[in-house]
Amino acid sequence: MGRLIAIANQKGGVGKTTTAVNLAVALAADHRKVLLVDLDPQGNASSGLIADIRLNELKSSGKTIYEAMVSGLPIAEVIREARGARLHLAPSGPDLVGAEIELATREGRERVLKQILAPIRDRYAFIIVDTPPSLGLLTLNSLVAADSVIVPMQCEYYALEGLSALLGTIRRVRSALNPALEIEGLVLTMFDARNRLSHEIGREVQKHFPEKIFESVIPRSVRMSESPSHGLSVLEYDAKSAGAEAYRNLAAELIARIANDGGGTTAKRAVAAKAATNAAAGRPWSLRALFARDRARSQR
Ligand code: ATP
Ligand code: MG
């Protein structure tokens, strides 16, 4: 069965959607079959992957993740090809805004996403879920459905603020609703190598979560912020850009981390994570390479 990964952080604008879209495209480029589920009423993952004209048709089709969650439309009718057969999208729709309220009184309201995805889970190697910037019912549904969570962290002063709320939510979900939920990893986004603060935040996160931080780091880049307006990932918009390279690294690191998994133990996963981190460390957009350059610069 494919691995279902929620991309979550209740802080807004930290790179969740950018990570969801580019990771999905990078995994698909690596010959994995991927489904991207856009669970954010803002619909940025849908628009970041599909150009305007098709998107308008799609939003008004009445076949979005909203109808699947609220009105019982089979998920297979919602899913579209985004990049041929390899990358599929379950798009967000304008009505998703109301879903939290409409589901609020329903029994088993936290398990709706898990249930609707169940019939199609084994068709994909990865299901990536983009979540809204809140810890509301939609994000909760993604955590209940997921095998693991990736937490994008923007390299800003308050990056760690709010993380404890997310970790607390993950703990509660684990104890009550989804005992198997794991933290896949924390990924640093919008890293500016020339900015002291980015390095400080990187070190801070690494100090607190040495086992969990991804070695692959996502740089801040103009190409990355331009690509969504073209309905393209940065890998398609500018395949040679640093951002594209970074998301390819992250996909490779993720694949390496879970390669040895096979439903394995936590200890086995920790070993796989370490090996993956070491493999990623040789690449240009890796934490260790960035720190080494920073040290060299400060000694000059
Ligand atoms: P929200 O909480 O609103 O859903 P988010 O966490 O999904 O936001 P994104 O939409 O991915 O965050 O990113 C916020 C903005 O920053 C977007 O305009 C995006 O294009 C831009 N952005 C994201 N990552 C980068 C990057 N590495 N370099 C430059 N711009 C970036
Ligand atoms: Mg988003």
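As the structure lists them, so they are numbered: ligands from 1, and atoms in each ligand from 1.
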Undergrad: Among all protein heavy atoms in this structure, tell me which lies nearest to atom 12 (O) of ligand 1, with the distance rounded to 0.1 Å.
TA: Gly15 N, 3.0 Å

Undergrad: Would Arg83 and Glu236 pass as an ion pair if we require N to O under 4.0 Å?
TA: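 Answer for the salt bridge query: yes.
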
Undergrad: Is there a heavy atom of Gly13 sitting under 4.0 angstrom from any atom of ligand 1?
TA: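 Yes.
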
Undergrad: Can you tell me if, anywhere in Thr17, an N/O/S atom lies at a distance from the Mg ion (ligand 2) that is smaller than 2.8 Å?
TA: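 Yes - counting backbone and side chain alike, Thr17 has an N, O or S atom under 2.8 Å.
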
Undergrad: Is any NZ, NE, NH1 or NH2 atom of the basic residue among Glu200 and Arg203 found under 4.0 Å from an Asp or Glu carboxylate oxygen of the other?
TA: no

Undergrad: What's the shortest distance from atom 5 (P) of ligand 1 to any protein heavy atom, and which residue and atom give it?
TA: Lys16 N, 3.5 Å

Undergrad: Under a plain distance cut-off of 3.5 Å, with no hydrogens placed, do Asp40 and Ser92 share a side-chain donor-acceptor pair?
TA: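 There is no such pair (donor and acceptor under 3.5 Å, judged by atom type) between the side chains of Ser92 and Asp40.
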
Undergrad: Out of Ala242, Ser221, Gly243, Pro219, who gets a non-hydrogen atom closest to atom 27 (N) of ligand 1?
TA: Pro219

Undergrad: By number and element, which atoms of ligand 1 are closer than 4.0 Å to a non-hydrogen atom of Gly12?
TA: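 Answer, ordered by atom number: 2 (O).
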
Undergrad: For atom 16 (O) of ligand 1, what's the nearest protein heavy atom and its distance?
TA: Met190 CE, 3.8 Å

Undergrad: Between the main-chain N or O of Glu215 and the side-chain N or O of Glu253, is there a donor-acceptor pair closer than 3.5 Å?
TA: yes

Undergrad: Does the side chain of Arg257 come under 3.5 Å of the side chain of Ser148 through a donor N or O and an acceptor N or O?
TA: no

Undergrad: Identify, for atom 20 (O) of ligand 1, the protein heavy atom at the shortest distance, and state residue, atom and that distance.
TA: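 Its nearest protein heavy-atom neighbour is Ser225 CA, 3.6 Å.
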
Undergrad: Between Asn141 (side chain only) and Leu137 (backbone N and O only), is there a donor and an acceptor less than 3.5 Å apart?
TA: yes

Undergrad: Using a strict 4.0 Å cut-off to heavy atoms of Met224, name the atoms of ligand 1 that fall inside it.
TA: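 The atoms of ligand 1 under 4.0 Å from a heavy atom of Met224 are 25 (C), 26 (C), 27 (N), 28 (N).
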
Undergrad: Closest by any non-hydrogen atom to atom 3 (O) of ligand 1: pick that one out of Gln42, Lys11, Gln154, Gln10.
TA: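 Shortest heavy-atom distance from atom 3 (O) of ligand 1: Gln42.
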
Undergrad: Tell me the protein heavy atom at minimum distance from atom 10 (O) of ligand 1, and give that distance in Å.
TA: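 Atom 10 (O) of ligand 1 sits closest to the protein heavy atom Thr17 CB, 4.0 Å.
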
Undergrad: When you compare the side chains of Ser71 and Tyr66, does any donor N or O come within less than 3.5 Å of an acceptor on the partner?
TA: no

Undergrad: Tell me, which protein residue and heavy-atom name are nearest atom 13 (O) of ligand 1, and how many Å apart are they?
TA: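 Nearest neighbour among protein heavy atoms for atom 13 (O) of ligand 1, to 0.1 Å: Thr18 OG1, 3.7 Å.
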
Undergrad: If you count the non-hydrogen atoms of other residues, nucleotides and ligands that lie under 6.0 Å from NZ in Lys63, is the total more than 12?
TA: no

Undergrad: Does one side chain, of Asp38 or Ser46, offer a donor that lies under 3.5 Å from an acceptor on the other?
TA: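 There is such a pair between these side chains.
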
Undergrad: For ligand 1, which atoms, with element, lie under 4.0 Å from some heavy atom of Val14?
TA: 5 (P), 6 (O), 12 (O)

Undergrad: Could Lys11 and Glu161 be called an ion pair, given the rule that one side-chain N must be under 4.0 Å from one carboxylate O?
TA: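 Yes.
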
Undergrad: Does some non-hydrogen atom of the protein lie less than 4.0 angstrom from atom 18 (O) of ligand 1?
TA: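 There is no protein heavy atom less than 4.0 Å from atom 18 (O) of ligand 1.
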
Undergrad: Under 4.0 Å from any heavy atom of Asp40, which atoms of ligand 1 are there?
TA: 4 (O)

